[in-house]
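Chain identifiers are assigned alphabetically (A, B, ...) following the order of the sequence lines, protein sequences preceding nucleic acid strands; residue numbering begins at 1 within each chain. The model shown is predicted, which means the values in this text are computed figures rather than measured ones.
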Amino acid sequence: MSAPPPTDHSSPHLLDLLQTVHKNLLHQADWSSLEIHTSPSYPRPLITGLPPDPVYIDPDSASDYSADDRDALERKQQEWVLPVALREKWTLRKWAEVFDSLPEGFWGLNKEGVEKGKRLLLAVVSEDSTIVHYIVHDGIVKPRQN
Amino acid sequence: MTSSTPSITITPAGSTAAHPAPTISLSVTPVPPVPPRYKKPNYHVLHALPLPLTTTPLPPLIPHNPLSLLHIIVAYLFPGTNSHPSPLHVGIFHASTHAIHVTSQDTIKAFWNHGFFGKGSLSRSEPTWVIRRRRALGVIGLDEALTSEEVTERRRGERKEFKRERARAERERREKQLVEEGKIVKEADGDEGEAAAVVVKSITFAAVEPPSSRRKSLERPAVEVEDLEHLQLTLEEAFFLAFGLGVLEIKDSKTDEKIPQKDLLSLFRSHSYFPPHTSGLQPDDPFMLNYVVYHHFRSLGWVVKPGIKFAVDYLLYNRGPVFTHAEFAVLILPAYSHPHWDSDSLRKEGREKKPWHWLHCVNRVSSQVKKTLILVYVEIPPPPAVECANVSKILSRYKVREVALRRWLVSRNRD
């Protein structure tokens with residue numbers, strides 16, 4: 001079996017993946033203020049954008065506010081999106097590298113005034129154009145109350 | 001709606017009639033406006049053909065009429081209609097998405113309506129992005145030609161509203177209880193204000209107006225919406241349509257030239273890896289494994305769709321996704337029983353063996369969505385078997401075995 005070529009932040013196949021996810025977020029998921037990040041400071045091309053509805057609600061703030069306030073509180077939160085392919089071999093190291101490259105303090109402070117942990121949306125692209133999203137946190141977070 | 005209006009004629013009190021008008025106190029409940037109904041397409045007619053091919057049955061054989069045999073022979077030798085479209089449907093292979101894109105509306109209709117091939121690149125299944133876009137821009141009415149995505153969205157919205165209302169009622173009930181028990185003292189004015197707000201809310205009615213007049217009064221912008229969506233065929237679907245049925249011609253996106261049938265297999269096999277492999281193709285390439293299983297179930301009449309959302313490889317629909325939910329979830333497992341693989345511990349140990357808890361996980365997910373899990377074992381032939389150029393010969397070397405799996409609970413199956 002031939003060894004796969006080393007993944008570079010500007011490899012054409014990663015940029016293709018970026019385009020697919022970008023088009024999907026813009027036209028199907030109705031995200032706004034989408035921006036593409038392909039600078040060498042990131043291990044892989046990334047996308048930031050504003051989702052139409054909050055993608056994640058911090059359980060700490062959830063108990064304090066009523067449902068409407070909570071939506072307003074989280075609405076303005078930009079999210080980082082990491083496009084990956086379904087057929088690609090993914091490792092924890094790759095995740096750690098991406099998290100290390102994300103800016104600190106992007107997600108604001110929590111109730112105790114401590115910076116919230118980093119998080120991103122993993123966009124897994126499959127061949128039939130289905131994109132499955134996962135919320136990934138850098139470390140353990142408080143579970144959501146159902 | 002005329003059925004709910006009371007059939008009593010009442011002369012107005014101030015009329016000029018000689019007889020005094022009878023005083024009838026009648027409370028007429030306002031008739032809620034009936035939303036305009038848009039008929040669903042008849043799916044049984046729309047999806048009558050199971051594959052994008054036209055078939056014509058032979059004339060019947062009547063034993064006492066020898067001429068009918070002649071009729072059959074003529075119909076057999078000189079078929080009136082061609083089963084295949086002419087020219088063939090065209091799809092474009094894009095290396096950027098590892099898939100085949102179809103943009104011609106006729107081809108999209110043919111592939112989706114007859115066999116449910118492909119997926120709209122900006123939709124959940126059927127390409128409907130342009131309908132949703134036009135509705136968002138106000139080109140078509142609010143309830144016109146609802147797409148499956150919109151139906152789901154409305155249902156979720158209603159559910160969310162119901163839950164919010166339920167939580168509010170629960171909170172109010174709890175507060176009232178506490179006030180009655182004297183545990184908390186509520187400010188009187190705040191309570192009244194809230195109560196008034198509730199009353200106001202409950203007597204708001206939608207304007208009673210026939211829907212036809214409303215639709216006419218709404219001026220619709222005449223915007224031409226460009227369709228940004230395409231039908232995306234996976235490599236397996238495209239290969240089945242091109243090789244299996246012969247109704248699809250595949251062109252390359254870069255050169256815009258037809259890719260010859262003999263090059264398709266190696267192209268698709270190399271693109272079943274990410275990033276694509278240029279050499280070292282194996283008999284257990286993801287494409288070979290998937291295609292063998294795809295072809296197997298398609299030729300048995302199932303509608304096969306990718307099942308990534310349910311953590312499996314394929315979903316099997318009895319007639320198609322518009323009729324029923326998928327009944328079966330297919331998981332593809334390579335089997336290396338051929339003596340050639342005996343010494344290959346990477347495959348024997350690494351890819352063939354799976355832990356029990358893995359199986360339990362997948363099965364739990366499948367039973368949660370009411371699907372029966374089917375493990376499909378594909379016997380992998382040794383590498384020389386897939387070197388030849390004859391695709392049928394290569395495929396005949398693969399063997400498929402199925403195992404259907406269901407969790408059995410002792411306590412629930414006692415009787």
What's the separation between atom CG in B:L122 and atom CD1 in A:I131, rounded to the nearest 0.5 Å?
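Between atom CG of B:L122 and atom CD1 of A:I131 there are 9.0 Å.
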Say you draw a straight line from CZ of B:F287 to CD of A:E127; how long is it, rounded to the nearest 0.5 Å?
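Reported to 0.5 Å precision, the distance equals 9.0 Å.
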Please classify the contact between [X] and chain A as side chain, backbone, both or neither, with a heavy-atom cut-off of under 4.5 Å.
X      : value
B:S272 : both
B:L235 : both
B:E236 : side chain
B:N290 : side chain

Beyond-backbone contact of B:R133 with A:H27, side-chain heavy atoms, under 4.5 angstrom:
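They are not in contact (no side-chain heavy atoms under 4.5 Å apart), so the answer is no.
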Any side-chain heavy-atom pair from A:Q19 and B:S96 closer than 4.5 angstrom?
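No, side chains not in contact.
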Counting heavy-atom pairs under 4.5 Å to chain A, which of B:K119, B:H98, B:H94 comes out on top?
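Winner by heavy-atom pair count: B:K119.
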Most chain A-contacting option - heavy-atom pairs closer than 4.5 Å, from B:L281, B:L228, B:T97, B:L233
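Of B:L281, B:L228, B:T97, B:L233, B:L228 has the most heavy-atom pairs under 4.5 Å with chain A.
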Going through the checks in order, is the side chain to side chain contact (heavy atoms under 4.5 Å, CB included) test met by B:E229 and A:Q28?
CA-CA 10 Å; B:E229 192 175 27; A:Q28 192 181 0; over 6 Å; no
Heavy-atom count check: over 12 atoms from other residues, nucleotides or ligands less than 6.0 Å from [X] [atom1]?
X      : atom1 : value
B:E153 : CD    : no
B:E226 : CD    : no
B:K348 : NZ    : yes
B:H325 : NE2   : no

Which residues pass the ring pair (Phe, Tyr, Trp, His ring centres under 6.0 Å) test with B:F117, not counting sequence neighbours?
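Checked B:F117 against ring pair (Phe, Tyr, Trp, His ring centres under 6.0 Å); zero matches.
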What part of A:T130 is in contact with chain B, defined as an atom under 4.5 angstrom from a non-hydrogen atom: side chain, backbone, both or neither?
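Contact with chain B: backbone and side chain both.
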With a 4.5 angstrom heavy-atom cut-off, is it the side chain or the backbone of A:L86 that approaches chain B, or both, or neither?
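For A:L86, side-chain heavy atoms alone lie under 4.5 Å from chain B.
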Nearest heavy-atom pair of B:G120 and A:S129: which atoms, and what distance?
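In terms of heavy atoms, the two residues are closest at O-OG, 3.7 Å.
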What pair of heavy atoms forms the shortest contact from A:D128 to B:P306, and how long is it?
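Heavy-atom minimum between the residues: OD2-CG, 3.5 Å.
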